[in-house]
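Notes follow once the structure below has been shown.
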Amino acid sequence: MTAYRWLLMDADNTLFDFDAAEDYALSRTLVSHNLSPTPELKAQYQRINSALWADFDQGRISQEALGPKRFQLLFEEAGLTGDPGEWSASFLHALAGCPTLLPGAETVCRKLSNRYILCLTTNGIPQVQRQRLKASPLSSYFGDRVFISGEMNSRKPEKAYFDAVLEAIGAKMQRSKVLVVGDSLSSDIRGAFNSRLDSVWLRRPGAKAGALKPTYQVDSLAQLSQLLGTDRLVPDPVRLN
């Protein structure tokens, strides 16, 4: 049986409602360039963006190149014209100003902070993540334990990223007491596996399970709170219904 001490918690779509923030930022960007934010145009962007972030997880594109690239590809596909770099800057500015949380995020962080040391681990863009965190009520629960891949020399799911986090929080020799929490199988759960850490997959509606199995699986933050409310947990694949 394992008693965890540290929780390495993902940010976007684990605590922050990134889908809502992205929709807001994309709509603002399109309107500011005299375009209607139609469902079709948004769907094109989201498909392109998802593919590029998958490339980022695999180390095939840098974060710096990703921002302008997604708009360049959108221009080519949708027949638009513009400066991809300027569009990217406009989008990121709007995104940073939208710190919307998922329902229950503040409550679960408050409860878990009484029992665990909370650490925020994210592949998000540094200036965006720090501004959103500062504007949210979650900042006090993480303190200086905020680890953004863009400020490090590695990213999730790389082992080097998690090794650096463990070193910073003093848990390098206590891996069994560290639990990774996130919604992404390719970055959070894969990263935990690469680093020999236990994990909780926060499965979003419609998400498909993969070959890689998390230690635990929950379908909501309420279930996460229920799971981690026990003093000791058995690290076997389980699901709360």
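Computed from heavy atoms alone, side chains included, the values below leave out hydrogens, waters and symmetry copies.
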Does the pair Trp87 and Ser32 meet the rule for a side-chain contact (heavy atoms from CB on, under 4.5 Å), with working shown?
CA-CA 10 Å; Trp87 275 59; Ser32 71; over 6 Å; no
Check: [X] side chain, [Y] main-chain N or O, donor-acceptor pair, under 3.5 Å:
X      : Y      : result
Asn194 : Pro157 : yes
Ser113 : Arg110 : yes
Glu158 : Arg155 : yes
Ser225 : Leu221 : no
Thr29  : Ala25  : yes
Thr14  : Gly182 : no
Ser136 : Leu133 : yes

Who pairs with Arg145 by salt bridge (Lys or Arg N to Asp or Glu O under 4.0 Å), at least two apart in sequence or on another chain?
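Arg145: no salt bridge (Lys or Arg N to Asp or Glu O under 4.0 Å) contacts found.
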Value rounded to 0.5 Å, distance of [atom1] in [X] from [atom2] in [Y]:
X      : Y      : atom1 : atom2 : answer
Leu95  : Ser88  : CG    : OG    : 10.0 Å
Ser50  : Ile48  : OG    : CD1   : 10.0 Å
Asp10  : Ser187 : CG    : OG    : 6.0 Å
Trp6   : Lys177 : CH2   : NZ    : 8.0 Å
Leu120 : Leu15  : CG    : CG    : 6.5 Å
Asn123 : Ile148 : CG    : CD1   : 10.5 Å

What pair of heavy atoms forms the shortest contact from [X] to [Y], and how long is it?
X      : Y      : answer
Cys119 : Ile169 : SG-CG2, 3.9 Å
Ala78  : Gln44  : CB-OE1, 3.8 Å
Tyr24  : Cys98  : CD2-CB, 3.8 Å
Leu138 : Ala105 : CD2-O, 4.1 Å
Leu112 : Leu224 : CD1-CD2, 4.4 Å

Could you tell me whether the side chain of [Y] reaches within less than 4.5 Å of the side chain of [X], counting heavy atoms only?
X      : Y      : result
Trp53  : Gln63  : yes
Val200 : Gln217 : no
Phe18  : Thr100 : no
Asp198 : Val180 : no
Asn49  : Leu66  : yes
Trp201 : Leu185 : yes
Leu52  : Leu73  : yes
Arg115 : Leu228 : no

Check the side chains of Lys42 and Ser27 for a donor-acceptor pair under 3.5 angstrom, ignoring hydrogens and angles.
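Yes, Lys42 and Ser27 have a side-chain donor paired with an acceptor closer than 3.5 Å.
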Would you check if there is a donor-acceptor pair between the side chains of Ser186 and Ser184 at a distance under 3.5 Å?
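Yes, side-chain donor-acceptor contact under 3.5 Å.
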N-O pairing of [X] and [Y] below 4.0 Å:
X      : Y      : answer
Arg47  : Glu77  : yes
Lys156 : Asp57  : no
Asp183 : Arg203 : no
Glu64  : Lys69  : no
Arg175 : Asp163 : yes

For the pair Leu179 and Arg5, evaluate side-chain contact (heavy atoms from CB on, under 4.5 Å) and give the outcome as yes or no after the intermediate values.
CA-CA 8 Å; Leu179 185 66; Arg5 183 180 181 190; over 6 Å; no
Quick one: ring pair (Phe, Tyr, Trp, His ring centres under 6.0 Å) partners of Phe91, sequence neighbours excluded?
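Partners of Phe91 by the ring pair (Phe, Tyr, Trp, His ring centres under 6.0 Å) criterion, ordered by chain and then number, come out as Tyr45, Phe71.
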Contacts of His93 that satisfy ring pair (Phe, Tyr, Trp, His ring centres under 6.0 Å) - sequence neighbours left out
none
Look at atom CZ of Phe193 and say whether more than 12 heavy atoms of other residues, nucleotides or ligands are closer to it than 6.0 Å.
no
Between Glu151 and Gln129, is a side-chain contact (heavy atoms from CB on, under 4.5 Å) present by the stated rule, with each step listed?
CA-CA 11 Å; Glu151 298 174 343; Gln129 299 302 70; over 6 Å; no
Check the hydrophobic clustering (I, L, V, M, F, W, Y; side-chain heavy atoms under 4.5 Å; chains of links allowed) and say if [X] and [Y] are grouped together.
X      : Y      : answer
Leu166 : Leu7   : no
Tyr216 : Leu197 : no
Val178 : Phe147 : yes
Val181 : Tyr141 : yes
Val165 : Tyr4   : no

Within 45 degrees of the ring normal and closer than 6.0 Å to the centroid, is that where the cationic atom of Arg132 sits relative to Phe16?
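Positive - Arg132 is close enough to the ring of Phe16 and near enough to its axis.
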Determine, step by step, whether Gln72 and Glu76 satisfy the side-chain contact (heavy atoms from CB on, under 4.5 Å) criterion, reporting the C-alpha distance in whole Å, the side-chain angles of both residues, the deciding distance to 0.1 Å, and the verdict.
CA-CA 6 Å; Gln72 177 190 332; Glu76 294 173 0; 3.3 Å; yes
